[in-house]
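Counting from 1, the numbers follow the sequence of the chain as shown.
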Amino acid sequence: MMKKLNVTWDGVFDSTGYMFSFAKALCCAVKNSPLSDMAEDIVASSGFAFRMWVSPDLCPSATSIWQFSLQKSCVESGGINCNYVERLWGQEDIEEERRLEAIELIRQSIDNGIPVISWDIGVCEWGLITGYDDEAGRLAVLPITGQESEMDYIQLGKRELPILNVLTIGGRAEKSREDILRDTMQMARNHLLGNEWCENADGLDAYQALLKHLEDEDVQTAGSELAGSWNMEYFLGTYAPLKWYAWKFFEGHGAQELAALYKSVYENWQKAFEMKKNLDLSLRENRVAVAELLKQAEAWERQAVERM
């Protein structure tokens with residue numbers, strides 16, 4: 001019989017519908033745990049409100065190419081203990097071992113009433129595992145699309161993009177708010193200055209990777225075509241809501257100067273996203289308008305880094 005939690009994405013702030021799926025799943029898992037008061041903060045205090053990755057061709061998979069093993073230490077930096085198991089490419093010799101380890105963590109978490117964050121459980125994004133049935137060998141899953149489904153145990157880590165990536169939420173760590181604020185700023189600064197591994201433009205460099213396409217003078221070039229593509233919408237929509245979490249984190253922790261900067265950063269990213277959705281970016285004047293919003297957001301975010 002399926003042991004299943006009643007979990008939805010309701011109540012998780014996502015102003016675009018494209019929010020980075022690991023951060024959204026993390027927020028939702030914490031919201032549906034005894035630590036629900038930390039649900040919004042953890043998006044920033046884990047560093048994910050500040051992380052950006054952009055590939056030259058605006059391939060959406062760029063948002064999922066980073067050092068996965070950071071997940072545990074980043075979440076724990078935000079004051080929440082967690083368990084984590086992964087199996088990457090070239091690790092077929094430990095595939096079964098890691099899958100069984102992950103399933104045991106899933107059982108424990110569901111028994112504790114907390115959904116589990118996992119990669120590729122319906123679409124190639126992070127989502128939530130919300131139940132398990134040992135007799136049938138099935139998992140209840142909630143992909144980022146919101147369409148509940150089930151999958152076999154044996155499919156875990158072996159779907160469209162076959163890696164295993166499972167994180168479960170534990171208890172509250174003994175860490176002061178002051179220490180969380182300090183460590184969050186250090187982590188954010190480290191990423192924004194490009195000190196975390198990524199094969200694509202990351203941190204503040206992500207701005208120029210987007211602007212390159214928006215500022216292309218020739219509407220017939222591939223760059224301009226990408227500026228008007230769904231891919232651009234995806235990147236703007238992925239990172240815009242994260243800036244909101246950064247704003248609210250600093251506001252809640254009394255860092256008013258940083259809060260004011262990130263409020264402005266969020267508003268510009270959100271406006272850029274809405275312009276992309278509602279205007280024709282094959283027109284140069286519209287591309288220039290979106291580019292100006294991102295340029296100003298970059299300037300504000302660089303000021304924020306200097307104050308961290």
Side-chain angles (χ1 to χ4, degrees), residues 9 12-28 43 47-68 70-71 86 88-89 117-128 141-147 149 157 159-165 191 194 196-214 216 221-245 266 269-270 272-279 281-282 287 290-291 293-294 297:
W9 297 109
V12 176
F13 179 83
D14 180 0
S15 56
T16 65
Y18 287 102
M19 180 177 164
F20 177 49
S21 59
F22 177 81
K24 189 169 182 176
L26 174 62
C27 182
C28 192
V43 177
F48 286 100
F50 308 95
R51 292 190 170 97
M52 298 180 284
W53 309 276
V54 176
S55 61
D57 60 354
L58 300 190
C59 177
S61 65
T63 62
S64 302
I65 301 174
W66 49 282
Q67 192 175 341
F68 296 156
L70 284 175
Q71 290 174 38
E86 71 174 26
L88 303 178
W89 300 275
I117 302 158
S118 182
W119 167 256
D120 195 8
I121 53 168
V123 294
C124 269
E125 297 278 356
W126 278 271
L128 294 172
V141 298
L142 179 66
I144 202 71
T145 56
Q147 299 170 332
S149 185
R159 289 175 59 89
E160 185 178 345
L161 205 163
I163 61 173
L164 180 72
N165 193 275
H191 172 75
E196 290 180 350
W197 174 86
C198 179
E199 64 184 41
N200 294 306
D202 61 343
L204 294 170
D205 288 345
Y207 280 99
Q208 291 305 312
L210 292 174
L211 288 168
K212 175 183 177 182
H213 300 292
L214 291 165
D216 197 313
T221 66
S224 293
E225 290 172 4
L226 281 172
S229 71
W230 174 85
N231 302 55
M232 178 64 75
E233 183 175 318
Y234 177 88
F235 276 93
L236 294 172
T238 293
Y239 299 128
L242 295 180
K243 309 300 183 182
W244 182 90
Y245 286 90
Y266 161 66
W269 273 83
Q270 185 66 27
F273 170 78
E274 291 167 1
M275 289 181 71
K276 167 61 191 73
K277 280 191 65 94
N278 298 315
L279 299 178
L281 290 200
S282 69
R287 297 200 308 278
V290 172
L293 288 169
L294 292 183

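- Between Pro241 and Tyr18 the shortest side-chain heavy-atom distance does not fall below 4.5 Å.
- Taking 4.5 Å as the limit, every side-chain heavy atom of Leu128 sits out of range of all side-chain heavy atoms of Val141.
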Stepwise, does the side-chain contact (heavy atoms from CB on, under 4.5 Å) test hold for Phe22 with Gln71?
-> CA-CA 9 Å; Phe22 177 81; Gln71 290 174 38; 3.1 Å; yes
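- Residues Phe20 and Tyr239 place their aromatic rings such that the two centres sit no closer than 6.0 Å.
- A donor-acceptor distance shorter than 3.5 angstrom exists from the side chain of Asn278 to the backbone of Glu274, with no hydrogens or angles considered.
- For the 3.5 Å distance criterion, the side chains of Tyr234 and Ser229 fail to qualify, holding no donor opposite an acceptor.
- Distance alone, capped at 3.5 Å, is enough to place a donor-acceptor pair between the Trp9 side chain and the Pro143 backbone.
- Between atom CG of residue Leu226 and atom SG of residue Cys59 there is a gap of 10.5 Å, rounded to the nearest 0.5 Å.
- Atom CG in Asp120 sits 10.5 Å away from atom CG in Asn165 (nearest 0.5 Å).
- The distance between the ring centers of Trp269 and Phe235 does not fall below 6.0 angstrom.
- Here the side chains of Lys243 and Met52 are in contact, with some heavy-atom distance below 4.5 Å.
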Can you list the steps and then say if Phe273 with Glu233 is a side-chain contact (heavy atoms from CB on, under 4.5 Å)?
-> CA-CA 6 Å; Phe273 170 78; Glu233 183 175 318; 3.7 Å; yes
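- Summarising the geometry of Ala227 relative to Leu214, their closest heavy-atom pair is CB-CD2, 4.0 Å, with the distance given to 0.1 Å.
- Open room surrounds CD on Glu160; 12 or fewer heavy atoms of other groups in view lie less than 6.0 Å from it.
- Of the options Ile144, Leu242, Thr238, Ile117, a side chain to side chain contact (heavy atoms under 4.5 Å, CB included) to Lys24 is made by Ile144 and by none of the others.
- Side-chain atoms of Asn231 come within 3.5 Å of backbone atoms of Leu58 as a donor-acceptor pair (strictly under, hydrogens ignored).
- The structure places CH2 of Trp126 at 11.5 Å from CG of Leu26, a figure rounded to the nearest 0.5 Å.
- In this structure, CG in Leu294 is found 10.0 Å from CD in Gln208, a value given to the nearest 0.5 Å.
- Taking all atoms of both residues into account, the shortest heavy-atom contact from Gly122 to Arg159 is CA-NH2, 3.4 Å.
- Side-chain atoms of Asp202 do not come within 3.5 Å of backbone N or O of His191 as any donor-acceptor pair.
- At distances below 3.5 Å, at least one donor-acceptor pair connects side-chain atoms of His213 with backbone N or O atoms of Pro56.
- Judged by distance alone, with hydrogens and angles left aside, the side-chain atoms of Tyr266 form no donor-acceptor pair with the main-chain N or O of Tyr245 at under 3.5 Å.
- Atoms CZ and SG, from Arg51 and Cys198 in turn, are 11.0 Å apart once rounded to the nearest 0.5 Å.
- Residues Glu86 and Ile163 are not in side-chain contact: their nearest non-hydrogen atoms beyond the backbone lie 4.5 Å or more apart.
- Note that CG of Asn200 is 11.0 Å distant from CH2 of Trp53, once rounded to the nearest 0.5 Å.
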Could you go through the side-chain contact (heavy atoms from CB on, under 4.5 Å) check for Trp119 and Cys124 one step at a time?
-> CA-CA 7 Å; Trp119 167 256; Cys124 269; 4.1 Å; yes
Check the pair Arg287 / Lys276 against side-chain contact (heavy atoms from CB on, under 4.5 Å), numbers first and verdict last.
-> CA-CA 9 Å; Arg287 297 200 308 278; Lys276 167 61 191 73; over 6 Å; no
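- Residues Val290 and Leu279 are not in side-chain contact: their nearest non-hydrogen atoms beyond the backbone lie 4.5 Å or more apart.
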